[in-house]
Student: 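Starting off with a structure, shown below.
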Amino acid sequence: MEDSAEKTNQIVVLLIGPPGSGKSTFCDTVMRSSLRPWSRVCQDIINNGKAGTKAQCLKMATSSLKEGKSVFIDRCNLDREQRSEFVKLGGPGIEVHAVVLELPAQVCISRSVKRTGHEGNLQGGRAAAVVNRMLQSKELPKVNEGFSRVMFCYNDADVENAVNTYSKLGPMDTLPSGCFGEKKSDTKSQPGIMKFFKKVNALPGSSSSNEGTNAMRKANEKTENFRLGSADIVHTLAFPSVSTADFQFDLEKASDIIVEKAEEFLPKVGTARLVLVDLSHGSKILSLVKAKASQKNIDSERFFTFVGDITKLRSEGGLHCNVIANATNWRLKPGGGGVNAAIFKAAGPDLETATRVRANTLLPGKAVVVPLPSTCPLLNAEGITHVIHVLGPNMNPNRPDNLSNDYTKGCKTLREAYTSLFEGFLSVVQDQSKFPKRSNQTAVSDSGSLEDTRDSGKKMSKEWSTWALALHTIAMHPERHENVVLEFSDNIVVINDQYPKARKHVLVLARQESLDGLEDVRKENLQLLQEMHNVGLKWVDRFQNEDASLIFRLGYHSVPSMRQLHLHVISQDFDSDSLKNKKHWNSFTSSFFRDSVDVLEEVKSQGKANVASEDLLKGELRCNRCRSAHPNIPKLKSHVRSCRSQFPEHVLQNSRLVARPETKL
DNA sequence: GTTCTAGAAC
DNA sequence: GTTCTAGAAC
């Protein structure tokens, strides 16, 4: 009886937190004033002052327990699997507790960066990357893992409270079991919070009390950026062509579907990328897809093909893909050759186990997202965090359950498969970056100095959304966008407008940094403006060689929606399905549209161009020729199709219209 | 910039 | 009931 009383109240406390979260300090503080015997098992120093192994920690913990001591397990313990063996130390008379040090990632990183001579030797900038990576696979502990008590600390006050709780604990005392201090998962509330912040932020004049919320917003952003992983990781899905290998799906049809689905999903996944991967250089499917994507002017930076082993893209191909797709079988089992066998092999038994938790089988057209456990070699060697299994239709007559050449059904299922796959990827992207990255690139200001567009309260006014940066990106790197770029020189890039508002509609982009729109143009840009104009005229001439009846106007929007000065070269038929609303129409036919010839003249004479008000975009819908008004877009369009009236006097003058001499204006 | 959709206009 | 727009979301 004495014996059991003596042993009754030992505790194993697992500290849970990344480097810099204060685990060692926590242990030291408790041990300094504690009334019970403690032993601290620190993996960072267990090996004669150097880092050791988990096994060494377990061994030391066991022997400390035998000596009657309570034990702190001072290692990160961030995921369930890492914790499981320590939880098993518990038993009769030995409780296992968890203390979670859930401090802001930023705090942990800066602490571990600053610290010198830290026992774990985690110093310098590398610390940030390490902390980042660790946080990505973090799993918060639950009581059902085997803890009798879990305590969450989110700030210094919480930590102090927890330290006190354990310091005061006498040899025979016990603590109440249960889960203490846990905040309900912030992941759900944050998007809402962000919406609120957005609104607050959108009112520049809005007063006083939002200081707190702005500070919170900043904190959230920072933490979030850290969670995203090192800043330069772009979410990337590598996927094999589904069903075209073993399942013998027609390549021509499959490539159409891949391109169609990629085009559909690219706009939805933010800045993320989709990469079609095949092992062989001569791959027919890759070349088909490449050709079709280029035909459709799909951004080749965000959707492209890649030759390589999908399980070694980073180590062997230098392409970091955080998510890969597996064209699997309905049993979701290893084997069968090809991609499925390769991925299961490279991922080890971990993948099968992790898959089993989510699904046992898969129907054609469906996909299942499997997060890889931290021990998985694919995660550690290649940085792959998720595998998405996807099952396509089977067109192989020699295999059971094939569709016997029914391509109506086959195409439908293949489409469904890519939809499921891309939606799965979308969910990963959204999970890991709850809010889109804000524009945080530096820009060159008027004075030529570097400014951060977020923080400068100066006239670096505009914040550009990701979509609004597309032209800028192309202007800066035309060579990376060869499938959309028609020509480029040192100063300009010519592209087809992605949503042409007329039969012919190209953009001449200025390549100069800091020229975002007409408002930024000054006298020193005159030569550039003239070059843009001349290049525009050259394209007009080319188009008129194909169709001499085309009439063009060259000009700028007073207030552009997209960053980077661009000259519209647009035929005056406005015969396009992409012209859909009043804003579209008025932006090309009201005085919101500033003719290039006038801009040149104004910059020459007054040093800058006049810009018109955005209110003009809301005006009534009038024919660009006869100026008759129309109640809605469809009626306007049908009128414009047949209107042969002369153009208004104003646009007839000063070469604002560019037409072949024989064309009646 | 586009897409999506509620609800206004017809 | 259908067509169309305007505004929000992205």
Side-chain angles (χ1 to χ4, degrees), chain A residues 190-203 224 235 260-273 296-299 301-303 419 422-423 425-439 462-475 481 484 493 495-502 505-509 516-518 555-568 570 574 576-588 592-593 614-622 629-640:
Chain A
Q190 277 185 351
I193 290 174
M194 287 316 286
K195 268 186 207 164
F196 171 65
F197 286 147
K198 229 177 176 175
K199 277 182 189 151
V200 170
N201 213 26
L203 305 166
E224 202 47 48
H235 283 288
E260 174 197 318
K261 285 292 159 185
E263 190 181 25
E264 180 187 326
F265 269 83
L266 266 193
K268 300 184 187 173
V269 294
T271 54
R273 306 180 296 179
K296 288 185 141 190
N297 282 342
I298 297 176
D299 184 349
E301 237 189 345
R302 297 190 39 234
F303 174 53
T419 301
F422 292 156
E423 267 169 3
F425 178 52
L426 188 59
S427 73
V428 173
V429 171
Q430 286 172 345
D431 261 18
Q432 293 187 6
S433 51
K434 273 282 163 359
F435 345 99
K437 263 194 196 171
R438 307 179 133 261
S439 69
K462 247 185 207 174
E463 278 207 35
W464 299 89
S465 316
T466 36
W467 55 259
L469 297 168
L471 295 181
H472 176 259
T473 312
I474 296 172
H481 300 266
V484 293
V493 178
I495 60 170
N496 272 313
D497 192 297
Q498 204 193 341
Y499 298 91
K501 303 300 184 292
H505 184 185
V506 298
L507 306 178
V508 184
L509 315 184
D516 287 344
L518 203 48
Y556 301 86
H557 284 156
S558 287
V559 185
S561 296
M562 301 185 81
R563 176 173 172 189
Q564 204 62 21
L565 183 69
H566 52 282
L567 173 70
H568 289 273
I570 184 166
F574 297 110
S576 161
D577 289 340
S578 295
L579 198 159
K580 291 178 172 163
N581 59 43
K582 189 177 255 191
K583 183 176 177 181
H584 292 154
W585 178 258
N586 284 335
S587 71
F588 289 103
F592 183 84
F593 187 84
E614 284 178 280
D615 294 345
L616 286 163
L617 299 174
K618 296 184 182 130
E620 50 190 357
L621 295 166
R622 286 186 176 276
H630 299 266
N632 57 44
I633 290 285
K635 294 216 167 70
L636 170 76
K637 281 186 146 186
S638 92
H639 164 85
V640 167

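Every value quoted in this text rests on a predicted model; they were computed, and no experiment measured them. Residue numbers begin at 1 in each chain, while the letters A, B, ... track the order of the sequences.
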Student: Pick base, sugar-phosphate or nothing for A/Ile633, based on heavy-atom distances below 4.0 Å to the nucleic acid.
Tutor: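 It contacts sugar-phosphate atoms only.
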
Student: If the condition is ring pair (Phe, Tyr, Trp, His ring centres under 6.0 Å), which residues does A/Phe265 pass it with, not counting sequence neighbours?
Tutor: A/Phe422

Student: Mind checking salt bridge (Lys or Arg N to Asp or Glu O under 4.0 Å) for A/Arg302 and listing every partner two or more places apart, or none if nothing turns up?
Tutor: none

Student: Go through the structure and list residues passing salt bridge (Lys or Arg N to Asp or Glu O under 4.0 Å) with A/Lys580, not counting sequence neighbours.
Tutor: none

Student: Just by protein heavy atoms under 4.0 Å, how would nucleotides 1-10 of chain B read 5' to 3' in B, S and -?
Tutor: BSS-------

Student: Which residues satisfy the salt bridge (Lys or Arg N to Asp or Glu O under 4.0 Å) test with A/Glu614, sequence neighbours excluded?
Tutor: none

Student: Please identify each residue that fulfils salt bridge (Lys or Arg N to Asp or Glu O under 4.0 Å) with A/Glu423, with sequence neighbours left out.
Tutor: none

